[in-house]
J.: 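One structure is given below, represented as structure tokens, and several questions about it will come after.
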Amino acid sequence: MKKTVLVTGGSRGIGRACCELFAQKGFNVVLNYNKSGKEAMEICGKYGCFPVRADVSKRSEVEEMSRLVGEKFGYVDVLVNNAGVAKQLLFSDIDEEEWDRVFDTNVKGTYLVTHAFLPGMIHNKRGSIVNISSVWGITGASCEVHYSASKGAVIAFTKALAKEVAPSGISVNCVAPGVIDTEMNSSFGKEDMEYILEDIPSARVGKASEIAECVFFLAHDRYITGQVISPNGGMVI
């Protein structure tokens, strides 16, 4: 029987790469998206993914997504909490609305989606959850205090939940990518990128497909849980 994976924020960047890889590996793929409907439909048409629109920061929409996925596939075997937002700002320029926007998606969204789909995994006594954090959640980043704080929270969430659900046969791990060639990092200019590359021993940014491969590895039943893997080219060791 084919396994089912749900990828939040699956229409772009790392999420898209995850959807493509899991589909190629024979999974039923549920592609969650919010505003990128055109991109989502393109991927679903090409790979046969099941699209579900939902803002992961809103409980009612997450619950409706859970209902639709349940009707279509029953339970989810793998959950990839990838949906996230970021914005470079000086700390003094981060107002309460911007702080809440980042935490609502990056942290609350991870909580809501996991809370909705974990009961099925517990019922089946198996499952894998992979949360996408960031290298900045490990080290912190200047001009990204709210983003760094939210991604640090995802790491703590991962470690705590892993201890709680391990007896139920469920693994919870975290991937904390370094600088990856995605739309989220497209705002960096040439000079900024040259400066960033000076701190990366591999002398290049990562590919979304490389992160997807790491996620796919963690999505299988292994003696690995509560861990943070950071593909970052040696930037942080």
Side-chain angles (χ1 to χ4, degrees), residues 1-58 61-87 104-106 109-110 112-114 116-117 120-121 127-134 151 154 173-187 205-220 229 231:
M1 181 180 291
K2 293 176 69 173
K3 289 186 175 182
T4 299
V5 58
L6 165 62
V7 182
T8 66
S11 60
R12 297 180 178 181
I14 292 170
R16 174 173 183 148
C18 288
C19 287
E20 292 174 345
L21 180 59
F22 276 95
Q24 291 166 357
K25 296 294 186 178
F27 277 67
N28 297 316
V29 177
V30 180
L31 188 159
N32 158 256
Y33 69 97
N34 185 17
K35 298 177 181 179
S36 305
K38 181 179 179 181
E39 293 90 339
M41 294 307 113
E42 175 192 340
I43 302 167
C44 291
K46 184 176 181 179
Y47 293 99
C49 304
F50 179 63
V52 182
R53 197 213 71 78
D55 182 339
V56 299
S57 70
K58 294 181 168 52
E61 295 188 21
V62 170
E63 290 177 344
E64 177 63 10
M65 176 168 65
S66 178
R67 185 188 69 79
L68 292 172
V69 174
E71 289 181 352
K72 180 72 173 178
F73 299 112
Y75 300 110
V76 165
D77 300 283
V78 179
L79 170 60
V80 181
N81 283 308
N82 167 75
V85 294
K87 187 175 182 179
D104 281 351
T105 298
N106 297 0
T110 297
L112 287 175
V113 177
T114 303
F117 288 93
M121 293 183 178
S128 299
I129 299 171
V130 184
N131 300 316
I132 306 300
S133 178
S134 166
K151 290 303 187 177
V154 169
N173 290 292
C174 187
V175 177
V179 182
I180 308 300
D181 186 15
T182 65
E183 186 174 328
M184 185 177 286
N185 291 319
S186 62
S187 60
V205 298
K207 301 175 184 177
S209 60
E210 292 173 307
I211 307 306
E213 289 167 0
C214 187
V215 171
F216 186 78
F217 172 80
L218 293 172
H220 292 74
I229 298 178

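Given the structure is predicted, the values throughout are model-derived calculations rather than measurements.
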J.: Would V56 and N34 count as a side chain to side chain contact (heavy atoms under 4.5 Å, CB included) if you check the C-alpha gap in whole Å, the side-chain angles of each, and the deciding distance to 0.1 Å?
T.: CA-CA 8 Å; V56 299; N34 185 17; over 6 Å; no

J.: Does any part of the side chain of I132, heavy atoms only, come nearer than 4.5 Å to the side chain of P177, both counted from C-beta?
T.: yes

J.: Give the minimum heavy-atom separation between S36 and R12, together with the two atoms involved.
T.: OG-NE, 3.0 Å

J.: Can you tell me how far the CG atom of L112 sits from the OG atom of S66, to the nearest 0.5 Å?
T.: 11.5 Å

J.: If I compare all heavy atoms of A219 with all of V130, which pair ends up nearest, and what's the gap?
T.: N-CG2, 4.4 Å

J.: Mark yes or no for whether D181, through its side chain, and G206, through its backbone, hold a donor-acceptor pair below 3.5 Å.
T.: no

J.: Below 4.5 Å, heavy atoms only, C-beta onward: do L21 and E213 meet side chain to side chain?
T.: yes

J.: Evaluate the salt bridge (Lys or Arg N to Asp or Glu O under 4.0 Å) criterion for residues R67 and E63: first the C-alpha distance (whole Å), next the side-chain angles of each, then the deciding distance (0.1 Å), finally the verdict.
T.: CA-CA 6 Å; R67 185 188 69 79; E63 290 177 344; over 6 Å; no

J.: Could you list the residues that satisfy ring-ring contact (aromatic ring centres under 6.0 Å, His included) with F22, not counting sequence neighbours?
T.: F27, F216

J.: Report the C-alpha separation of I229 and N173 in whole Å, then their side-chain angles, then the decisive distance to 0.1 Å, and conclude whether the side chain to side chain contact (heavy atoms under 4.5 Å, CB included) test is met.
T.: CA-CA 8 Å; I229 298 178; N173 290 292; over 6 Å; no

J.: Only counting residues at least two apart or in another chain, list the ones meeting salt bridge (Lys or Arg N to Asp or Glu O under 4.0 Å) with D104.
T.: none

J.: Between C214 and V175, which heavy-atom pair has the shortest distance, and what is it?
T.: SG-CG2, 4.0 Å

J.: Which distance, rounded to the nearest 0.5 Å, do you find between the CG of L79 and the CD1 of I129?
T.: 5.5 Å

J.: When rounded to the nearest 0.5 angstrom, what distance separates CZ in R53 from CD in E64?
T.: 10.5 Å

J.: V215 versus N82: any side-chain heavy-atom pair under 4.5 Å?
T.: no

J.: Where is the tightest heavy-atom contact between S11 and E39, given as atom of each residue plus distance?
T.: O-CB, 3.8 Å

J.: Are any side-chain N or O atoms of S133 and backbone N or O atoms of K151, one a donor and one an acceptor, separated by less than 3.5 Å?
T.: yes

J.: Give, for atom OG of S209 and atom CD1 of I14, the distance between the pair rounded to the nearest 0.5 Å.
T.: 10.5 Å

J.: Give a yes or no answer on whether the side chain of E61 reaches the backbone of D55 with a donor-acceptor pair at less than 3.5 Å.
T.: yes

J.: How about L31 and V7: do any of their side-chain heavy atoms sit closer than 4.5 Å?
T.: no

J.: Would you sort out whether N28 and T4 count as a side chain to side chain donor-acceptor pair (under 3.5 Å), showing the intermediate values?
T.: CA-CA 4 Å; N28 297 316; T4 299; 3.3 Å; yes

J.: Mind running side chain to side chain contact (heavy atoms under 4.5 Å, CB included) on V5 and D77 for me, showing each step along the way?
T.: CA-CA 6 Å; V5 58; D77 300 283; over 6 Å; no

J.: Would you name the heavy atoms of T8 and V113 that are closest together and state the gap between them?
T.: CG2-CG1, 4.0 Å

J.: Would you give me the side-chain donor-acceptor pairs under 3.5 Å for residues 40-52, sequence neighbours excluded?
T.:
{"unit_1": "E42", "atom_1": "OE2", "unit_2": "R16", "atom_2": "NH2", "d": "3.2"}

J.: Below 4.5 Å, heavy atoms only, C-beta onward: do P231 and E210 meet side chain to side chain?
T.: no

J.: Find the distance between CG (N131) and CG (N106) and round it off to the nearest 0.5 Å.
T.: 11.5 Å

J.: Of the non-hydrogen atoms in T182 and A208, which two are nearest, and what is the gap between them?
T.: CG2-CB, 4.4 Å

